[in-house]
Amino acid sequence: METDSFIIVLIVGGLLLLSFLHLTNVTSVNRRANLLFGVFTFQWSTFWLDELLFPEYLNTTNALFVILRFFQFLVPISFILSVKFYTEPDTRLAWKHAWIAVAPVIFLLSLLFPPRINTEFFNFCSIIFFLGHSIFYIIWAHIKILKHQRIIKSIHSYTENIDLSWIKYITYSFIGAAIVVAAYNFLTKAEPLNIYINLFFVGVVYLVAFYSLRQKEIFPQGMELSEVLGEHALIDKENNTPRIKVVDDSELNILKERLIELMENEQPYLNSELNLVKLAEQMGLSTHQLSYVINSAFGENFFNFINRYRVRKAKELLENPEYDRFNVLVIGYESGFNSKTSFNTTFKRMTKHTPSEYRKNALRSNNREN
């Protein structure tokens, strides 16, 4: 029991500290999203905090129990709202979002005025309602993250620390834990599972803390986000081209040639922080126009367009005997990549080989020729 209490202290302490850091926006980025994520982590902590502070009230119907359970029921809502503000920072909450309050109101009424039915059956229904409500928002959050990861590739040439993958891992852990706990409770009356679930969440909490505090500002300054999101919705997913023309075909060909000339002569792709706004400024175009040119003239998103040039540069350096004394990671940085992971992943996706494999093959070819 002492071990379990220690684990709970670790979880609660981690969540409360993480909540404080997000509520105070210590990273100075994604302000509204961080504020809501701070609310979410504080609410999340109450699932363990109640066991530490007032376990004798857990199975009663007093006011403290009602307030606590209702507060916990709101956890998925604060979670989805934080995800919404991370992925769509220009979001304005309006009356059309009021439907989100329907389930919490029903749950609160059931706590205040429990129906006169068998207590065990009522508790079973409450658990199912609670889990169903949670899983609905978790799946919704997961879908939003997947969409976000596609959208940022039309804006950025890198995805590290902006793709919100860490939120995706939260959704996996929630769904996995919910399934295990539900199955265990329905199949057995034993108690020992708690300590293993708590150990699992110790890892989840501290990993979330690590990755969430590394989160960078997702959308660059000077970008009309509503325009980008609207444009992404109008992209033909099969061939990655816009469905609506922004410039006519003759101008498109001119802009295409200008862009190729810029990429070849000035090599802006060597800037590892390059994004759509910066390249549009160099081209003297709006982000909307540049995005249209890349999608229509090259049939690619911004991410693939820029990284294709970086991979080409990396291939040149890997084949160059003068760079044999340099580590592969140095080649990646010289080519415009900002991390080993992004270099290896992107290079292999585009060439079917890792940079090290490509260098070895190039070396064999050079030896055969000599």
Side-chain angles (χ1 to χ4, degrees), residues 145-165 168 216 218 220 228 232 235-242 255-280 282-283 287 290-324 326-366:
I145 295 301
L146 294 179
K147 180 182 177 182
H148 166 79
Q149 291 177 332
R150 293 193 297 270
I151 289 173
I152 59 171
K153 288 188 174 183
S154 66
I155 300 169
H156 290 285
S157 61
Y158 58 93
T159 60
E160 288 74 13
N161 299 328
I162 61 170
D163 65 356
L164 298 175
S165 285
K168 208 162 54 171
K216 294 181 179 179
I218 297 172
V228 173
H232 186 267
I235 295 291
D236 187 327
K237 299 300 185 296
E238 291 188 5
N239 54 28
N240 204 45
T241 56
L255 292 175
K256 178 183 178 180
E257 294 303 319
R258 275 183 55 201
L259 181 55
I260 292 174
E261 185 178 350
L262 175 71
M263 298 297 290
E264 298 288 348
N265 297 335
E266 299 187 28
Q267 299 182 315
Y269 55 87
L270 296 181
N271 174 8
S272 63
E273 300 294 315
L274 185 67
N275 58 45
L276 189 67
V277 173
K278 292 177 181 178
L279 188 59
Q282 288 184 261
M283 282 286 292
T287 55
L290 178 58
S291 182
Y292 179 84
V293 171
I294 293 173
N295 293 150
S296 297
F298 298 94
E300 297 181 294
N301 58 33
F302 181 78
F303 179 88
N304 287 334
F305 176 74
I306 297 300
N307 283 297
R308 184 162 48 80
Y309 278 93
R310 288 174 177 164
V311 167
R312 190 182 72 177
K313 179 70 173 180
K315 288 165 68 176
E316 291 174 3
L317 298 181
L318 290 168
E319 293 168 2
N320 190 338
E322 295 181 9
Y323 281 82
D324 285 349
F326 292 108
N327 185 283
V328 167
L329 182 57
V330 174
I331 301 292
Y333 287 136
E334 285 290 310
S335 305
F337 291 97
N338 62 1
S339 74
K340 180 180 180 179
T341 302
S342 64
F343 179 38
N344 287 334
T345 302
T346 306
F347 192 93
K348 186 169 184 178
R349 182 169 58 83
M350 292 189 173
T351 67
K352 309 303 180 186
H353 298 283
T354 66
S356 297
E357 291 170 346
Y358 188 88
R359 171 180 264 178
K360 288 178 183 177
N361 292 337
L363 184 61
R364 289 196 198 99
S365 298
N366 289 337

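- The closest side-chain heavy-atom distance from F302 to L279 is below 4.5 Å.
- Taken from CG in L146 to CD1 in I151, the straight-line distance is 11.0 Å, to the nearest 0.5 Å.
- Taken to the nearest 0.5 Å, the CD1 atom of I152 stands 13.0 Å off from the CG atom of L276.
- Of all the heavy atoms in N304 and N301, the pair that sits closest is N-OD1, 2.8 Å.
- If you check the side chains of Y358 and E319, you find a donor sitting under 3.5 Å from an acceptor.
- For the pair F303 and T346, the minimum side-chain heavy-atom distance is below 4.5 Å.
- Between R310 and F343, the closest side-chain pair of non-hydrogen atoms is not below 4.5 Å.
- Taking each heavy atom of A314 and I331 in turn, the nearest pair found is O-CG2, 3.9 Å.
- Taking the side chain as every heavy atom from C-beta outward, F298 and I260 approach each other to under 4.5 Å.
- To the nearest 0.5 Å, the span separating OG on S335 from OH on Y309 amounts to 15.0 Å.
- Distance alone, capped at 3.5 Å, places no donor-acceptor pair between the S291 side chain and the T287 backbone.
- Heavy-atom minimum distance, F326 versus E322: CE1-O, 4.1 Å.
- Taking all atoms of both residues into account, the shortest heavy-atom contact from S356 to V328 is OG-CG2, 3.8 Å.
- The minimum heavy-atom distance between S157 and S272, with the atom names listed, is OG-O, 4.1 Å.
- Judged as a salt bridge (Lys or Arg N to Asp or Glu O under 4.0 Å), the pairs with a partner in residues 257-276 (not counting sequence neighbours) are, in order, E264-R312.
- Annotation: side chain of H353 is not in contact with side chain of L318 (no heavy-atom distance under 4.5 Å).
- Taking the side chain as every heavy atom from C-beta outward, H148 and I218 approach each other to under 4.5 Å.
- Between L259 and I294 there is a side-chain heavy-atom pair separated by less than 4.5 Å.
- Pairing each heavy atom of T351 with each of K315, the nearest pair is CG2-CD, 4.1 Å.
- Residues F337 and L329 have side chains not in contact (no heavy-atom distance under 4.5 Å, counting atoms from C-beta outward).
- With values rounded to the nearest 0.5 angstrom, T341 atom OG1 is found 6.5 Å from E160 atom CD.
- Judged by distance alone, with hydrogens and angles left aside, the side-chain atoms of R308 form no donor-acceptor pair with the main-chain N or O of E300 at under 3.5 Å.
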Does the side-chain contact (heavy atoms from CB on, under 4.5 Å) test come out yes or no for I306 and M263, once each step is laid out?
CA-CA 9 Å; I306 297 300; M263 298 297 290; 3.7 Å; yes
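- N344 places no side-chain N or O within 3.5 Å of a backbone atom of P355 that could act as its donor or acceptor partner.
- Sorted pairs that involve residues 332-361 and meet salt bridge (Lys or Arg N to Asp or Glu O under 4.0 Å), not counting sequence neighbours, are lacking altogether.
- In this structure, the side chain of N275 engages the main chain of K278 through a donor-acceptor pair within 3.5 Å.
- With sequence neighbours left out, the side-chain hydrogen bond (donor to acceptor under 3.5 Å, both in side chains) criterion links K168 to Q149.
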